[in-house]
Amino acid sequence: MNVRKEGLPTGKAPLFHISSIVSTHRTRRSASLPLTTYSIEQVKMIQVSKRGLEMPASPIRKLAGAAREAEKRGVRVYRLNIGQPDVPTPPQGIEAVRRMDRKVLEYSPSEGLESLRCKLSQYYSGYGLDISPEEIIVTSGGSEAVLFAFMSCLDPGDEIIVPEPAYANYMAFAISAGAKIVPVTSTIEQGFALPPIEEFEKLITPRTRGILICNPNNPTGYIYTRDELEAIADLVLRHNLFLFSDEVYREFCYSDQPFISVMSMEKLREHAVLIDSVSKRYNECGIRIGALVSHNAEVRANVMKFCQARLSPPLLGQIVAEASVDTPQAYMRMVYDEYLKRRNFLIERINRIEGCYTPMPMGAFYTVAALPVEDADEFCRWCLEEFSHDGATLFMAPASGFYSDPGLGRNQVRIAYVHKVEYLAEALDVLEAALQAYPGRNPGRKVE
């Protein structure tokens, strides 16, 4: 932008001439365009959206740049921050792409391929759920399912009660929909057990429109009992709310109690909205295929409007997902046993590190651990930018980003046990060395 300041009498705002065309190589035509005069008050920075400014950075990915820079310096980075499994995708999914004979990669229906929805209906029947293909809407990942559920069921200013710590992107999706998350907080001292239902009741206002749960929970691995789900269901019916249930980790329950889906509760037929994904189930996060499921026809009609606006979910991803539904149970058992082994190793090893504590997660493949530091955000940054041990460091997700209150979880991190035991062992050796070297170490009191 060419700017030329003009002299003005004292007390007058200076004027600027701003050329209409900004170019190093001006054409004859652009050179002849007139200059426009503005006062300095008129030359202001353009403003971005308040919504964007309020959108939180992902605690899972916000240090990704620092991790890349560490790798450029030749430091090996152990990545414990993200739920990206190292288990191979089922060969059925890979082969489906190799065998594809399409001549055109066309749009799919906005609600997803009918053949995939039929396969998913059969999958749900294996859990005793009576869900028809028409009640399933395929989405671009479970994330889009959450966003479309909020956009379809909530108005700007509405409130959603969410047990925390919770998956960090729920906050981002709520902001996108103009809604507000109201947290009910669980604690590491109580193993992140669900707070009493009375705590939920206290938070209900005229703006409350729903409750969101994640079962099994990301980031804590907590699994809801039948009594807890019944209590939530009764609360939902009493106050005429929606119950959004994120159940993408249902395959990974490590307790003897059976997994209970909200879709199995007949009394919630018009109130329950299920969020699902194939990412973790079949170790194919990159295909971005999820699903929104509801018996409520009006909810589905609203969701479809948003689906049509974004045209269609990924075609290739749907082809992979449809084939993956046929994955043999032997594969699923292998994956389950592998995660169980990783969980048992990780929890035992973390709790042997001086000043560290994590409860035993009963589902998913994450845990939240308390560290002997005042500020886990700063510690995680320091690990990537200033520390290495035998040429290695580690990348963890600060747990403060999984709470709405920025004062909570300050000494906690989320760790994903999605790597082999050997990888986890090396990473935790680095963690122990980092805690010993960290200038801000604060032994404090180990949580029992």
Side-chain angles (χ1 to χ4, degrees), residues 1-73 81-82 140-141 143-144 146-148 150-151 154-160 166-183 207 306 309-311 375-382 384-386 395 397-410:
M1 180 170 68
N2 294 331
V3 179
R4 184 168 75 245
K5 183 176 179 180
E6 299 284 13
L8 287 176
T10 304
K12 297 288 187 179
L15 300 180
F16 294 86
H17 290 306
I18 303 179
S19 63
S20 299
I21 302 294
V22 180
S23 175
T24 304
H25 304 289
R26 284 186 160 192
T27 65
R28 179 176 301 174
R29 182 177 180 184
S30 65
S32 66
L33 291 174
L35 298 179
T36 305
T37 301
Y38 297 88
S39 70
I40 194 168
E41 289 85 358
Q42 291 174 300
V43 183
K44 297 179 181 179
M45 292 295 292
I46 192 168
Q47 297 297 307
V48 297
S49 74
K50 182 180 177 183
R51 179 189 292 110
L53 294 173
E54 292 177 350
M55 187 78 75
S58 168
I60 304 166
R61 294 175 178 263
K62 69 180 181 180
L63 294 174
R68 287 191 293 268
E69 289 301 314
E71 289 172 332
K72 288 179 182 178
R73 298 193 303 269
N81 63 302
I82 193 167
S140 300
S143 296
E144 187 180 73
V146 178
L147 176 61
F148 283 3
F150 287 176
M151 298 287 282
L154 310 172
D155 287 319
D158 284 347
E159 297 174 350
I160 323 154
Y167 178 52
N169 286 337
Y170 293 153
M171 175 69 76
F173 302 142
I175 290 173
S176 299
K180 177 184 177 182
I181 282 183
V182 177
R207 297 312 306 256
F306 293 100
R310 64 88 162 101
L311 303 184
D375 189 333
D377 287 77
E378 177 60 24
F379 174 68
C380 291
R381 182 206 61 78
W382 175 84
L384 291 168
E385 295 181 356
E386 304 181 41
F395 185 2
S400 61
F402 297 86
Y403 295 87
S404 298
D405 184 339
L408 296 177
R410 296 301 301 175

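Note that the coordinates shown come from a computational prediction; the quantities given were computed from them, not determined experimentally.
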K.L.:
Tell me whether the count of non-hydrogen atoms from other residues, nucleotides or ligands lying under 6.0 Å of CZ in Arg310 goes above 12.
P.N.:
yes
K.L.:
What's the spacing between Met55 CE and Ile175 CD1 if we round to 0.5 Å?
P.N.:
6.0 Å
K.L.:
Between Leu154 and Ile160, is any pair of side-chain heavy atoms under 4.5 Å apart?
P.N.:
yes
K.L.:
Looking only at heavy atoms, what is the nearest atom pair of Ala177 and Phe150, with distance?
P.N.:
CB-CB, 3.9 Å
K.L.:
Can you name the closest pair of heavy atoms from Phe402 and Ala397 and give their distance?
P.N.:
CE1-CB, 4.2 Å
K.L.:
Which value, rounded to the nearest 0.5 Å, describes the distance between Leu384 atom CG and Phe379 atom CZ?
P.N.:
10.0 Å
K.L.:
Work out which heavy atom in Ala67 is nearest to a heavy atom in Phe395; give both atom names and the distance.
P.N.:
CB-CD2, 3.6 Å
K.L.:
Working to the nearest 0.5 angstrom, can you tell me the gap between Phe148 CZ and Phe306 CZ?
P.N.:
7.5 Å
K.L.:
Enter the distance from Lys62:NZ to Asp377:CG here, rounded to the nearest 0.5 Å.
P.N.:
4.0 Å
K.L.:
Taking NZ, NE, NH1 and NH2 as the nitrogens, is one of them in Glu71 or Arg68 under 4.0 Å from a carboxylate oxygen of the other?
P.N.:
no
K.L.:
Please report the shortest heavy-atom distance between Arg207 and Pro156, naming the atom on each side.
P.N.:
NH2-O, 3.2 Å
K.L.:
For the pair Tyr170 and Tyr167, name the ring-plane relationship: parallel under 30°, tilted 30 to 60°, perpendicular over 60°.
P.N.:
perpendicular
K.L.:
Take atom NZ in Lys180; do more than 12 heavy atoms of anything else shown fall under 6.0 Å from it?
P.N.:
no
K.L.:
I'd like to know if the side chain of Glu159 reaches the main chain of Gly157, judged simply by a donor and an acceptor atom lying under 3.5 Å from each other, with no hydrogens or angles considered.
P.N.:
no
K.L.:
Which distance, rounded to the nearest 0.5 Å, do you find between the CE of Met171 and the OH of Tyr403?
P.N.:
13.5 Å
K.L.:
Near Arg51 CZ, under 6.0 Å, is it more than 12 heavy atoms from other residues, nucleotides or ligands?
P.N.:
no
